[in-house]
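Values reported hereafter were calculated over all heavy atoms of this structure, with side chains retained and with hydrogens, waters and symmetry mates removed. These numbers come from a predicted model, not from an experiment. Convention: sequence-line order gives letters A, B, ...; per-chain numbering from 1.
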2 protein chains.
Amino acid sequence: MTAASKTVSDVIHSHFGKLTRAEKQLAESLLDNYPVSGLGSITTIAENAGVSTPTVVRMVQKLGFKGYPDFQSHLHQEVEATISNPIAKHDRWASNAPGTHILNRFADAIMGNLRQTLSALDTATFDSVASLLSDRKRGLYFVGGRITGALAEYFFTHMQVIRPNTALLSSNSSSWPQYVLNMNPGDLLVIFDIRRYEQEMVSLATAARKRGAEIVVFTDQWGSPAAKLARHTFRVQIEAPSAWDSSVVTLFIVEALIEAVQSSTWDETKERMKTLEGLFEQTRLFRKLS
Amino acid sequence: MTAASKTVSDVIHSHFGKLTRAEKQLAESLLDNYPVSGLGSITTIAENAGVSTPTVVRMVQKLGFKGYPDFQSHLHQEVEATISNPIAKHDRWASNAPGTHILNRFADAIMGNLRQTLSALDTATFDSVASLLSDRKRGLYFVGGRITGALAEYFFTHMQVIRPNTALLSSNSSSWPQYVLNMNPGDLLVIFDIRRYEQEMVSLATAARKRGAEIVVFTDQWGSPAAKLARHTFRVQIEAPSAWDSSVVTLFIVEALIEAVQSSTWDETKERMKTLEGLFEQTRLFRKLS
DNA sequence: ACTGTCATGAAAAGAAATTTTCAGCCTGCG
DNA sequence: CGCAGGCTGAAAATTTCTTTTCATGACAGT
């Protein structure tokens, strides 16, 4: 009954004040390297904590469990939840292991970003954007800033293969007006704008809106000013143990969108890709001949 | 002794052919929702698999464990590694959970890619490349293919800020010779080449080598032919539940390298960034005035 | 100093889990 | 058809784990 939705860790914390010395010692041993330390038998964890087995039994009963097996089965469920859900609660490792290699610290940060971004991301938004992108009647325009330009290009390169009517705006803003001129109502402008937001993005978005275009913005957790003009916004967690922001999670969403669009229009796309393959082949032949 | 470095899952797979009917049934039950399903008592898992407890004992002994407790303690260690290491082992996801959203399936795949890539990646390689990139006496050249061009650009954009003497080769191979002409011995050519390997990359690498340049290649698990000419190679896991390959992990390594270079030359970089900020400021003023 | 209360662990009792034994059963082969 | 060999699970035997009981000791209040 107790500890139905709360985690065992929560239960321990909330009872911590009422625990006796040996029980506190045991509780700390359990929380240290939680929840794995509670996987073994009562004998094992009693030894690890340096207390007797009756202490363990008394404590878990004090925490509201029927007995040690009951306690352990709760723990097992938690481990299961943690392991089988990849976006699971990995808050633990965050601060630990400070001296590790930059690769590992980066990996930690990225996983955290991914988890946070996904938990804050509405799948409905994602699906809506995917369906907008899939609509071949809409013209598609991509634009990014100094750093995010590469992401816009990546997105564009793929979408160009999948569907027609796609354009990449150069990161040089002087050429933007001519693109805006060509926009029709219902066209889609995909903007990448993360911090050190570029002023011109707002102007571009405003102009595009006036032409009746829909806007999708990829930005960070603080939000580009252009997001106010957007139909849909992806707020991505971009923090990294670095002087630079991380674009990894943004790229992740881009790739997922590419796949979503691709699979929703596979029949049409298949033909395009075949044709494209043929064109590449021809180009190669050209070169060999020349 | 057995199953020291191999995971329990590996051991089961490698013995699978030699297992009897009931044992196969048990093995599948264990692998399904692995490794959580093996957390309970021998009685529990026997029931879940629909076999008797002696079958369990016989099988784990056949797998090379001393007995069920031995088997289980190995499993515990794996769970521990999985949970406390964020680059956790997520080999599972593959076929399971078909009804989940593309975002989750993608996330699973990316985590798997990241883990596999990192476990196969030698930190010494990483550190060597970082130090090559940090050496300002070496000229730096970046090149990518049709898809990976965006990654080359991303890498280039950052390195250009951090250090001088950096160039991005256009993805159009016709302009490559002039870059090669300018290469000096000790210069560094960073090549991105993933499957549907581009023929020209090998020619480029060969020409660069003749000029005395060092080569670093980012490729996939199968390996670009250009990797044979490289001093260092990053083999990245790129599989995604998509018709396209994933560049997320490649970008991850790029970002980690950027940070490694940046932090190793922070004093010099700081000045450059300040100057750059000033230049951007001026550009903005220009625009406002005009 | 005495007494009651409580925490604690040793040890016994009880309850599981694990392993072993063994008989039934199927399968393949002569 | 009969038999050998191996798979399988019921049940017994063994080991281990879990819970309870109880003696000890620490400590606070009288």
Side-chain angles (χ1 to χ4, degrees), chain A residues 1-3 8 11-12 14-31 35-80, chain B residues 1-3 8 11-12 14-31 35-80:
Chain A
M1 298 303 113
T2 317
V8 173
V11 176
I12 294 179
S14 67
H15 284 70
F16 203 84
K18 294 172 225 157
L19 299 181
T20 67
R21 179 193 56 75
E23 284 169 353
K24 277 181 180 156
Q25 190 178 326
L26 168 64
E28 271 172 7
S29 164
L30 283 175
L31 291 176
V36 182
S37 37
L39 248 43
S41 74
I42 196 172
T43 320
T44 317
I45 69 163
E47 268 177 19
N48 284 345
V51 300
S52 66
T53 56
T55 303
V56 179
V57 175
R58 278 190 293 262
M59 191 186 76
V60 300
Q61 286 176 348
K62 200 188 266 187
L63 294 180
F65 300 96
K66 213 184 154 195
Y68 186 74
D70 182 37
F71 169 80
Q72 201 172 42
S73 87
H74 278 263
L75 226 39
H76 281 176
Q77 279 176 266
E78 270 179 50
V79 170
E80 169 151 20
Chain B
M1 297 302 113
T2 317
V8 173
V11 177
I12 294 179
S14 69
H15 284 70
F16 202 84
K18 295 171 224 155
L19 299 182
T20 66
R21 179 195 53 76
E23 286 170 352
K24 277 181 181 154
Q25 190 178 328
L26 168 62
E28 271 172 8
S29 164
L30 283 176
L31 291 176
V36 183
S37 37
L39 247 44
S41 72
I42 195 173
T43 319
T44 317
I45 69 164
E47 268 178 19
N48 285 345
V51 301
S52 66
T53 56
T55 303
V56 180
V57 174
R58 279 189 294 262
M59 191 186 77
V60 299
Q61 286 175 349
K62 200 187 267 187
L63 295 180
F65 300 96
K66 214 185 153 196
Y68 186 74
D70 183 36
F71 169 79
Q72 201 171 45
S73 86
H74 278 263
L75 226 39
H76 282 175
Q77 279 174 266
E78 269 181 52
V79 169
E80 167 152 22

#### Entry: Nearest-angstrom distance from the residue atom CD of B:Q72 to P of D:dT15
20 Å
### Message
Using the rule side chain to side chain donor-acceptor pair (under 3.5 Å), only one of A:R58, A:H15, A:K62 pairs with A:E23; which is it?
### Response
A:K62
### Message
One pair to check against side-chain contact (heavy atoms from CB on, under 4.5 Å): A:F16 and A:V11. What are the steps and the verdict?
### Response
CA-CA 8 Å; A:F16 203 84; A:V11 176; over 6 Å; no
#### Entry: Donor-acceptor pair, side chain of A:Q72 and main chain of A:L39, under 3.5 angstrom
yes
#### Entry: Derivation and outcome, side-chain contact (heavy atoms from CB on, under 4.5 Å), residues B:D70 and B:V60
CA-CA 9 Å; B:D70 183 36; B:V60 299; over 6 Å; no
### For atom CD1 of B:I42 and atom P of D:dT14, their distance in whole Å
18 Å
### Query
To the nearest angstrom, how far is A:M59 atom CE from D:dT19 atom C1'?
16 Å
#### Entry: For atom OH of A:Y68 and atom P of D:dT20, their distance in whole Å
16 Å
### Query
By side-chain hydrogen bond (donor to acceptor under 3.5 Å, both in side chains), which residues pair with A:T44, not counting sequence neighbours?
A:S41
### Query
What are the bounds, 5' to 3', of the part of DNA chain C that sits under 4.0 Å from heavy atoms of chain A?
C:dA7 to C:dA11
### Query
If you measure from CZ on A:F65 to CG on A:L75, what distance do you get to the nearest 0.5 Å?
8.0 Å
### Query
In the 5'-to-3' direction, what one-character label does each nucleotide of nucleotides 6-13 of chain D receive under the scheme B = base within less than 4.0 Å of a protein heavy atom, S = sugar-phosphate only, - = no such atom?
-SBBBB--
### Query
Which is true for B:Q61 with a 4.0 Å heavy-atom rule: it touches a base, it touches only sugar-phosphate, or it touches nothing?
sugar-phosphate
### Task
Measure from the side-chain N and O atoms of B:S37 to the backbone N and O of B:L30, and report whether any donor-acceptor pair falls under 3.5 Å.
yes
### Message
As an exercise, state the distance from CG of B:L19 to NZ of B:K24, rounded to the nearest 0.5 Å.
### Response
7.0 Å
